[in-house]
Amino acid sequence: MKPHTFAICAYKDSPYLESCIRSIKTQSVESDVILCTSTPSTYISGLTDQYGIPLFIRHEKSSIRDDWNFAYYMADATFVTIAHQDDLYQKDYVKNLLNCYERYPDMTLFTGGYVVVKKDRLAAFEPVEFIKRILRLPLRLRFLSHLSWVKKSVLLFGNSICCPACAYNKEQLGEPLFTSPYHFALDWDTLYELSKRPGRFICVEKPILYYRVHEEAATKAAIEDNSRIKEETEMFKKMWPGPVVKVLMHFYRKAYHEYE
């Protein structure tokens with residue numbers, strides 16, 4: 001089993017897919033790469049041929065949870081990063097991951113900070129990302145980051161962990177990884193469940209990912225059809241009493257402007 005695999009999830013013909021592939025193929029420490037899709041096309045297969053990436057096709061209806069589980073299943077590695085086709089990975093992503101794993105062999109989750117990209121430009125300052133950085137502060141206490149309450153603490157006021165920045169320890173977590181019924185809050189709910197299990201969450205608090213925000217993003221669609229509001233409210237209800245949930249959602253909804 002290899003130490004790490006990027007499992008790229010491709011959906012339809014994203015104009016950002018090739019940039020994502022390039023950021024992965026130019027890592028300072030080489031990693032295995034596969035590409036998985038439930039929407040095969042000549043565009044996707046052409047890119048995998050061009051960059052020498054194994055292509056795996058899931059022949060069922062597209063579903064974020066099922067597509068992610070398929071990509072996770074197809075990756076034969078200790079750690080798996082479910083790479084989102086719109087995002088870019090900093091060149092030392094794998095290097096940072098493996099360094100952390102060498103120091104903390106009980107690490108079940110690796111993650112880090114990110115920089116927002118809007119209209120192909122790096123955002124100078126994003127209030128939401130800054131707040132999430134503050135919420136992730138408990139994970140800086142690495143000698144405590146194996147404790148369930150420390151791991152849960154970074155999820156109590158919203159999901160402060162950037163999903164595409166995450167690498168999951170497949171050897172320790174097994175499969176399937178994603179069992180949540182949610183669509184938008186799938187990653188938040190998954191992290192909440194993982195926080196209850198043995199293992200350490202390690203966060204490198206510096207940008208390891210360039211996170212793209214654009215009109216076609218799934219997050220944007222979830223805001224417009226109100227599924228984000230519904231699912232995030234249900235997530236808060238798992239952790240807080242009703243009156244507190246109302247207050248949290250009042251402020252949390254302000255983060256939606258990040259996608260405008």
Side-chain angles (χ1 to χ4, degrees), residues 9 11 61-69 71-72 82 84 86-87 108-109 111-114 116 118 123 125-139 145 147-166 168 173 176-197 199 201 203 209 211-260:
C9 280
Y11 179 71
K61 183 180 179 182
S62 294
S63 155
I64 292 180
R65 182 184 67 182
D66 294 340
D67 287 351
W68 285 5
N69 275 328
Y72 181 76
I82 309 296
H84 297 197
D86 300 335
D87 302 324
T108 53
L109 179 84
T111 191
Y114 64 95
V116 173
K118 289 184 178 179
F125 176 75
E126 283 295 316
V128 172
E129 194 281 327
F130 179 74
I131 292 171
K132 288 185 176 183
R133 196 183 311 167
I134 294 173
L135 294 178
R136 291 193 298 266
L137 280 174
L139 292 185
S145 64
L147 299 175
S148 182
W149 67 267
V150 173
K151 292 181 286 186
K152 285 182 181 178
S153 70
V154 303
L155 304 169
L156 290 176
F157 297 98
N159 185 9
S160 66
I161 295 176
C162 183
C163 178
C166 292
Y168 307 93
L173 296 176
L177 179 66
F178 303 99
T179 58
S180 170
Y182 297 139
H183 177 79
F184 174 79
L186 172 63
D187 54 331
W188 188 4
D189 196 19
T190 298
L191 291 169
Y192 183 68
E193 292 305 316
L194 294 184
S195 71
K196 303 174 186 178
R197 297 171 62 175
F201 284 11
C203 179
L209 179 87
Y211 179 75
R212 193 184 301 275
V213 175
H214 61 95
E215 288 295 320
E216 289 78 30
T219 300
K220 177 80 172 181
I223 294 171
E224 292 175 348
D225 70 8
N226 291 322
S227 61
R228 178 174 181 175
I229 295 174
K230 178 178 179 293
E231 292 182 7
E232 289 183 334
T233 300
E234 290 181 7
M235 280 301 303
F236 278 128
K237 285 181 178 178
K238 290 185 178 185
M239 299 175 273
W240 298 98
V244 177
V245 172
K246 290 182 179 180
V247 174
L248 289 172
M249 282 305 299
H250 171 75
F251 290 101
Y252 205 68
R253 289 176 66 176
K254 295 181 183 296
Y256 296 176
H257 295 301
E258 178 181 350
Y259 297 93
E260 294 180 352

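Note: hydrogens, waters and symmetry copies are ignored here, and every other heavy atom, side chains too, is used.
A salt bridge is defined here as a Lys NZ or Arg NE, NH1 or NH2 lying under 4.0 Å from an Asp or Glu carboxylate O, and Glu193 with Arg197 fails to meet this definition. Taking the charged nitrogens against the carboxylate oxygens, Lys238 and Asp189 do have a contact shorter than 4.0 Å, which makes a salt bridge.
No donor-acceptor pair under 3.5 Å is formed between the side chain of Asp67 and the backbone N or O of Ser62. The backbone N or O of Phe201 lies less than 3.5 Å from a partner atom in the side chain of Ser145, making a donor-acceptor pair. For the pair Trp240 (side chain) and Lys246 (backbone), a donor-acceptor distance under 3.5 Å is absent.
Shown here for Gly113 and Arg136, the closest heavy-atom pair between the two residues is CA-NH2, 3.6 Å. A pairwise comparison of heavy atoms in Arg212 and Asp86 identifies NE-O, 2.9 Å as the closest pair. Shortest non-hydrogen contact noted between Leu177 and Tyr168 is CD2-CG, 3.5 Å. A pairwise comparison of heavy atoms in Arg133 and Glu129 identifies NH2-OE1, 2.6 Å as the closest pair. The two residues Val150 and Pro138 make their nearest non-hydrogen contact at CG1-O, 3.7 Å. Shortest non-hydrogen contact noted between Ser148 and Ser195 is OG-O, 3.0 Å.
A heavy-atom distance below 4.5 Å is not found between the side chains of Lys230 and Phe184. Counting only heavy atoms from C-beta outward, the side chains of Trp188 and Leu155 approach each other to under 4.5 Å. Contact of the Ile64 side chain with the Tyr11 side chain is not registered, since no non-hydrogen atoms from C-beta on lie closer than 4.5 Å. Counting heavy atoms from C-beta on, the side chains of Ile161 and Asp187 never come closer than 4.5 Å. Residues Lys132 and Tyr114 form a side-chain contact, since some pair of their non-hydrogen atoms from C-beta on lies under 4.5 Å apart. Side-chain atoms of Ile82 and Cys166, non-hydrogen and from C-beta on, never get closer than 4.5 Å to each other. Contact check for Tyr72 versus Leu173: side-chain heavy atoms found under the 4.5 Å cut-off. For the pair Leu191 and Leu109, the minimum side-chain heavy-atom distance is below 4.5 Å.
Of the inter-residue distances, the one linking Phe236 atom CZ with Glu231 atom CD reads 13.0 Å to the nearest 0.5 angstrom. Distance CG/Asp66 to NZ/Lys61: 10.5 Å, rounded to 0.5 Å. Here the OG-CD1 distance, from Ser160 to Ile134, works out to 11.0 Å after rounding to the nearest 0.5 Å. The distance from the CE atom of Met235 to the CE atom of Met239 is 4.5 Å, given to the nearest 0.5 Å.
Atom NZ of Lys196 sits in a crowded spot, with more than 12 heavy atoms from other residues, nucleotides or ligands closer than 6.0 Å. Counting heavy-atom neighbours within 6.0 Å of Lys152 NZ, excluding the residue itself, gives a total above 12.
In the model, Glu234 has a side-chain atom that pairs as donor or acceptor with a side-chain atom of Tyr182 under 3.5 Å.
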